[in-house]
There are 2 protein chains.
Amino acid sequence: MRYFVAVAEELHFGRAARRLGMAQPPLSRAIAQLERRLGTVLLERDSRGVALTDAGQVLLHEGRTALAAVAAAEARTRRAGRPPGLVLASKAGASTDLLAVLLDAYAAGPDPVPVDLRLCRVGEQERLLRAGEVDAALLHVPFNSTAGLDSEELHTEGQVALLPAGHPLAARSTVRMAELAELPGLPAPRFPRHDGSFPEGAGPEIHDHSQLGQLVALGRTFAVLPDSSRSQLRPDVAVVPVLDAPPVTSVLAWAPGSTSRALAGLVRAAIGAFGG
Amino acid sequence: MRYFVAVAEELHFGRAARRLGMAQPPLSRAIAQLERRLGTVLLERDSRGVALTDAGQVLLHEGRTALAAVAAAEARTRRAGRPPGLVLASKAGASTDLLAVLLDAYAAGPDPVPVDLRLCRVGEQERLLRAGEVDAALLHVPFNSTAGLDSEELHTEGQVALLPAGHPLAARSTVRMAELAELPGLPAPRFPRHDGSFPEGAGPEIHDHSQLGQLVALGRTFAVLPDSSRSQLRPDVAVVPVLDAPPVTSVLAWAPGSTSRALAGLVRAAIGAFGG
DNA sequence: GGGCGGCGATACCGCAGCGGTATCACCGTA
DNA sequence: TACGGTGATACCGCTGCGGTATCGCCGCCC
């Protein structure tokens, strides 16, 4: 299964084998065996590389999910072994107020356990949660997806544009997405995809919040962020509400079906504090 | 992993080994090896059997999830290989009208594919969906859980009590749950749990809807069911609204993160038909 | 109290199956 | 036509899994 995902990602037996630390022939055999077992052709072998069939597409997706589930099972079990305590992931430099309210509400509840806070780079919280490295995470829909997770909505807000102080649009009282789309000399920032890679484009690659603020201040890019991010803004960045940006919902998310008493307490605190 | 789940369920190495079709010693070794790999004790071995540690509890749950994910990956891939078409699971004898509306809406949409209907015994739809045997299922919250699934709410309704025609409560205009709780000589029916087993109790084990109706008519049990089930009632069964029963929501559920175009069409049809 | 039965752990063995090297068959290109 | 690069095949060696036999431990019951 790991083998198939590697081949499907590389679309090349040789490279996939190298990535897996093995030789190419046993990999070919393993894939052929998998295809026999499933009774389906997964890969179209052209003499110049490999392409995925429809069934291969499905197995790539489902296989990633399954591998993640196995890895998560191991990680969660390891953590269940050692000292009690919750690990909560949150994006560094965002939702600070929200987090404070949540943690206070939990600490005030019945028998709280220590909460270890894990501040993440952009988009990393979701990965950590799905990998079972943390018990819960603060996610931001629609930037993150809650598909396959349990979640509780905490707060919804509009978005604002962050612009360099001297920019022509910076003096406006509101802007629209279309006006921001193709600003001359001010390319849109590029955020990491779920797999950690970045889309192609002219703008800078963004890893965390403070870096983004700095790049805006330097006139290298702009940003569209939730309203609450204005609370920790540098003075040399202008803020303009964006009328037609999709609203952003902050949610507390956790692995579905958890039986942890401590996690249940955190969720209850969240529901209580944000009037679920 | 399969090994551990078997042992954790049986709480007995010998029985677990028999269930797995292998001998006991290699099973013991495999579990010990798993514990070494995870660096955690999973089982307390008493000389008279086995008990789960906290970490073992977690791994039992997570392991089931992971095994289900692997099995689902295989099943979905197998189905992706062969002829296009959706498989939709629904509880036999329930939500007939809902189903008709949904299927009509889908068939009227853009490029529909054939929909294969799989009518299930009580509680089986959820299992089939999670196992990847079907593309989507009609579930009934709170009887089913949508944890770890994507879903779209279709319809919410109250519940009614089904009582034998001559029963003292049958003439009432409404009843309350507490009044139904301990009726002398009329035990509550027992529905299967997620794993297919039944709770202990005096009432009959229920496998499907028509069986339940028959048992009520015969004065052997009563039932609390969604309002819509009155549409296919036998005349010898009395219906009384239950004031404080939790409302039941019918939802269309599917595996999260699916990329199937056909499934997306079905979901869109559902949203359109039920004003999502 | 001693023998017995049932539990999981350990010792040892045999072989299936996985991964390695060498090589082939195919195809596009120079 | 020769060459480089692809995945498939042939064959081999060894690791590791599962099997049988046995042990050590504990509770039970005559």
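Protein chains get the first letters and strands the later ones, always in sequence-line order, with residue 1 at the start of each.
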Quick one: [X] [atom1] to [N] [atom2], roughly how many Å, whole number?
{"X": "B:L20", "N": "D:dC17", "atom1": "CG", "atom2": "C1'", "answer": "14 Å"}
{"X": "B:D46", "N": "C:dA9", "atom1": "CG", "atom2": "P", "answer": "12 Å"}
{"X": "A:Q24", "N": "D:dA10", "atom1": "CD", "atom2": "C1'", "answer": "13 Å"}
{"X": "B:L34", "N": "D:dC17", "atom1": "CG", "atom2": "C1'", "answer": "15 Å"}
{"X": "B:L27", "N": "D:dG19", "atom1": "CG", "atom2": "C1'", "answer": "13 Å"}
{"X": "B:R2", "N": "D:dC17", "atom1": "CZ", "atom2": "P", "answer": "14 Å"}
{"X": "B:L52", "N": "C:dG8", "atom1": "CG", "atom2": "P", "answer": "13 Å"}
{"X": "A:Y3", "N": "D:dG7", "atom1": "OH", "atom2": "P", "answer": "17 Å"}

Proximal nucleotide (of [options]) relative to the [X] side chain:
{"X": "A:P25", "options": "C:dG20, D:dT20, D:dT9", "answer": "D:dT9"}
{"X": "B:F13", "options": "C:dG19, C:dG8, D:dG19", "answer": "C:dG8"}
{"X": "A:H12", "options": "D:dG7, C:dG19, C:dG8", "answer": "D:dG7"}
{"X": "B:V50", "options": "D:dA10, D:dG19, C:dG8", "answer": "C:dG8"}

Would you say [X] places a side-chain N or O within less than 4.0 Å of OP1 or OP2 belonging to [N]?
{"X": "A:Q33", "N": "C:dC18", "answer": "yes"}
{"X": "A:S28", "N": "D:dG7", "answer": "no"}
{"X": "A:R45", "N": "D:dT6", "answer": "no"}

Item checked: Closest-nucleotide 5' rank along DNA chain D - winner of B:R29 and A:A32 ->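 On the 5' side of the pair lies A:A32.
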With a 6.0 Å cut-off (strictly less than), is the heavy-atom count around [atom1] of [X], excluding the residue itself, greater than 12?
{"X": "A:R19", "atom1": "CZ", "value": "yes"}
{"X": "A:D208", "atom1": "CG", "value": "yes"}
{"X": "A:R2", "atom1": "CZ", "value": "no"}

Next item on the list: Determine, stepwise, if the pair A:E35 / A:R45 fulfils salt bridge (Lys or Arg N to Asp or Glu O under 4.0 Å).
Entry: CA-CA 13 Å; A:E35 287 182 319; A:R45 281 85 152 174; 3.0 Å; yes
Note to self: Please determine whether a side-chain nitrogen of the Lys or Arg among B:E74 and A:R37 lies less than 4.0 Å from a carboxylate oxygen of the Asp or Glu.
What the structure shows: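 So B:E74 pairs with A:R37 through a salt bridge.
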